[in-house]
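The chain is numbered in sequence order, starting from 1. In each ligand, atom 1 is the first atom listed, and ligand 1 is the first ligand listed.
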Amino acid sequence: MNSENPIRVRFAPSPTGFLHVGNVRTALFNWLLAGRHGGTFVLRIEDTDAARSETRFERQLVEDLSWLGLDWSEGIDRGGEYGPYRQTDRYDLYRRYAARLLDEDRAYRCFCSAAELEETRRLQLERRETPRYAGTCRRLPPDEIRERVGRGDPFTLRLRVRPGCVGFDDLVFGRIEIETSQVSDPVLVRSDGSPTYNFCCVVDDLLMRISHVVRGDGHLSNTHRQVLIYEALSAEPPRFAHLSTILGPDGQKLSKRHGATSIEDFRRRGYLPEALVNYLALLGWSPPEDGREVLALDEIREQFDLGRVQKSPAIFDTAKLDWMNRTWIHRIPGTELLGAARPHFTAAGLLPAESSPALDAWAGRVIDLVKTRVDHLDQLPEAAEVVYGADPPALDADARAALAAPEGREVALDFVRRVEAGGALTPEGYRRIVGEVKSATGRKGRHLYHPIRAVLTGQGSGPDLETLAPLCDEGARLPLPRPVLSPAARARRILEAV
Ligand code: GLU
């Protein structure tokens, strides 16, 4: 990990769908490893599956990574010394390496048709054997090969796997070794000339000088094949670290069945990037210091260490993610949350689409007032109802009882008269009026505040009135798509409704 051996890691998604929790955690751990050691985080796009790759998914994943703060200094959209960084732009390179392996007899042409391979597989399964390539074309006589190539018979290119053992020291799972007889000679190039994942991945990791491959443990069996490909290319493989699968609370592999899993879903529902990366970092890794769990990305980066990545599967726990999100929502000021919260407010018809300094400052304070009641930002409009006020106002039983009692009604009436007579209801104005009501009625404590709350909000409990009342007063004078009832107007209607 010095300057002669710099850490170079990559995130290599296939743009075949939305980024989900699992691959974002992979991106995150790579980013953390690079950041911790002053290394380079490369973004490479593995788009060789032409039928399933789509540019909209590539655009989306670029947006997701940027939103999460997982920036890359080399790769697509950035360039770099070892580009291009999209596999479909690298076919010449793969062809060159394929030709070299064929030339050195490390790979061979396989003329077996899909139907033949399927038939062998069926028979092997019938005999309860592990399906593997039978080696039919491993030793075809050169004449026959020449003839079939001349005839235009389609063929794939397969790696000639050597006998013996193949293994690697995984930084998470330890030494993993298998008999190569368990590995079918992997296809490097398909009969349509397209290179396969295992082959492209090795060529790219090699040419891009990747030092550490950090990826999901679903790739463990590929890694053996890849190590054999490195060997055939007489190259040293990178270090490998496989991350355990993320499971749902039911112990099954995390999937859509467990609710939102794509980053796009989480963003739309108002999860904060700070909370997501914080939560995902703790899925399979634990901080060494003082057990503190709420950590900003740069704090995690300072502490990150592959040695503390666990090999047992991590369980995705929505309740904990919600707690984490709540915690981050509390930490971040309302005006900063507004950017992400605005679409929710506009969709609910509570804020105009265009912003203005006065509106934004007010909306930021509304968020600060009600954010303690939400797990994610899409719940803010509902929580903000307490500021907007229903028209006619809804009264709960508690408020109704407080206002039906003669003493309570007296306090409420006195309060409303003073609010109506006063000018703008500032926090100081509110405090002054409450003081006056107290002297005029001789009520104090709950007997004073409860009716005031009831007449202002129609509820028996709710947020701090000294903040709420001035916010409603100010809101009533702002050009909002759904008008806010002024405290005086709302109180009048509430009194009429009792
Ligand atoms: N494109 C592969 C995937 O998305 C990358 C695997 C790897 O990191 O080697 O699973």
Problem - Heavy-atom pair of closest approach, residues Ser184 and Pro131 - result: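 Residues Ser184 and Pro131, closest heavy atoms: OG-O, 4.4 Å.
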
Exercise for the section: Specify the closest pair of heavy atoms between Phe41 and Trp72, including all atoms of both residues, with the distance to one decimal. Expected result: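 Heavy-atom minimum between the residues: O-CB, 3.4 Å.
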
Handout entry: Asp170/Arg175 ion pair, N-O < 4.0 Å
Key =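 No.
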
Quick one: nearest non-hydrogen protein atom to [atom], plus distance?
atom: atom 9 (O) of ligand 1; value: Tyr197 OH, 2.6 Å
atom: atom 8 (O) of ligand 1; value: Arg10 NH1, 2.7 Å
atom: atom 3 (C) of ligand 1; value: His219 NE2, 3.8 Å

Exercise for the section: Could you list which atoms of ligand 1 come closer than 4.0 Å to a heavy atom of Arg215? Expected result: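 Result: 7 (C), 8 (O), 9 (O).
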
Handout entry: Per-atom contacts, ligand 1 versus Glu46 - under 4.0 Å to a heavy atom
Key =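 Those qualifying, in numeric order: 1 (N), 2 (C), 5 (C).
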
Problem - Any N or O of Gln226 closer than 3.5 Å to N or O of ligand 1 - result: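 Checking ligand 1 against Gln226, no N or O pair falls under 3.5 Å apart.
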
Problem - Close N or O approach (Cys201, ligand 1; < 3.5 Å) - result: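 So ligand 1 has no N or O lying under 3.5 Å from an N or O of Cys201.
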
Handout entry: Sequence-distant partners of Thr120, side chain to side chain donor-acceptor pair (under 3.5 Å), two or more places apart
Key =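 Partners of Thr120 under the side chain to side chain donor-acceptor pair (under 3.5 Å) test: none.
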
Practice task
Mind jotting down which residue pairs meet the salt bridge (charged side-chain N to carboxylate O under 4.0 Å, His left out) criterion with at least one end in residues 306-318? Sequence neighbours excluded, please.
Solution key: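 Those involving residues 306-318 do not exist here.
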
Practice task
Tell me, please: is Phe11 in heavy-atom contact with ligand 1, that is, under 4.0 Å?
Solution key: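 Per 4.0 Å heavy-atom rule, Phe11 does not contact ligand 1.
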
Handout entry: Cation-aromatic face contact Arg36/Phe304, 6.0 Å, 45 degrees
Key =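 Arg36 over Phe304 ring: no.
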
